[in-house]
Amino acid sequence: MAKTIRLVLDVLKPHQPNALDFASTLAEIDTDFRVKLTVTEVDKKTESTIIIIEGSNINFTEIKNSIEKMGASVHSIDEVEIVGDMQEE
């Protein structure tokens with residue numbers, strides 16, 4: 001089964017939670033997640049961000065649900081890296 005190991009997302013988020021708390025919440029979804037959040041634009045009520053998530057098996061639906069629970073929305077998936085299962089059955 002193929003596994004997602006890297007996602008780059010364009011996310012529009014409110015100012016709160018701040019970038020540190022937002023990224024920390026995403027990183028806590030799985031013990032091996034690495035999250036990098038870059039704020040690219042600040043508006044009166046929102047921040048445009050690029051979020052890079054790396055891990056051994058990223059579940060996009062779980063990530064998207066967590067983002068939406070924090071009041072943000074995924075604008076696009078800008079990059080994805082998938083690896084196939086090398087084991088023979």
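The heavy-atom pair separating E47 from V39 by the smallest distance is OE1-CG2, 3.9 Å. Summarising the geometry of H15 relative to K44, their closest heavy-atom pair is NE2-O, 3.1 Å, with the distance given to 0.1 Å.
Within the 3.5 Å criterion, the main-chain N or O of T61 finds a donor-acceptor partner in the side chain of N59. With hydrogens and angles ignored, the 3.5 Å screen pairs a side-chain donor or acceptor of T49 with a backbone N or O of V11. A side-chain donor-acceptor contact under 3.5 Å links T40 to the backbone of S48. With T25 contributing its side chain and D21 its backbone, the two residues share a donor-acceptor pair below 3.5 Å.
Under the 4.5 Å side-chain contact rule for hydrophobic residues, F33 and L26 share a cluster. Hydrophobic clustering keeps I67 apart from V8 (ILVMFWY residues linked when any side-chain heavy atoms are closer than 4.5 Å, directly or through intermediates). Note on F22: it does not cluster hydrophobically with I50, by side-chain heavy-atom contacts below 4.5 Å among ILVMFWY residues. Side-chain heavy atoms closer than 4.5 Å link hydrophobic residues (I, L, V, M, F, W, Y) into clusters, and following such links, possibly through other members, connects I53 to I82.
To the nearest 0.5 Å, atoms CD1 (I51) and CG (L7) are separated by 10.5 Å. Between the CD1 atom in I5 and the CD1 atom in I58 there is a gap of 8.0 Å [rounded to 0.5 Å].
Under the side-chain contact (heavy atoms from CB on, under 4.5 Å) rule, I63 has a single partner from I29, T4, V35, which is I29.
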For a quick test of your reading: what N or O donor-acceptor pairs under 3.5 Å do the side chains of residues 69-81 make, sequence neighbours left out?
{"from": "S76", "atom 1": "OG", "to": "D78", "atom 2": "OD1", "distance (Å)": "2.5"}
{"from": "E79", "atom 1": "OE2", "to": "R6", "atom 2": "NE", "distance (Å)": "3.0"}

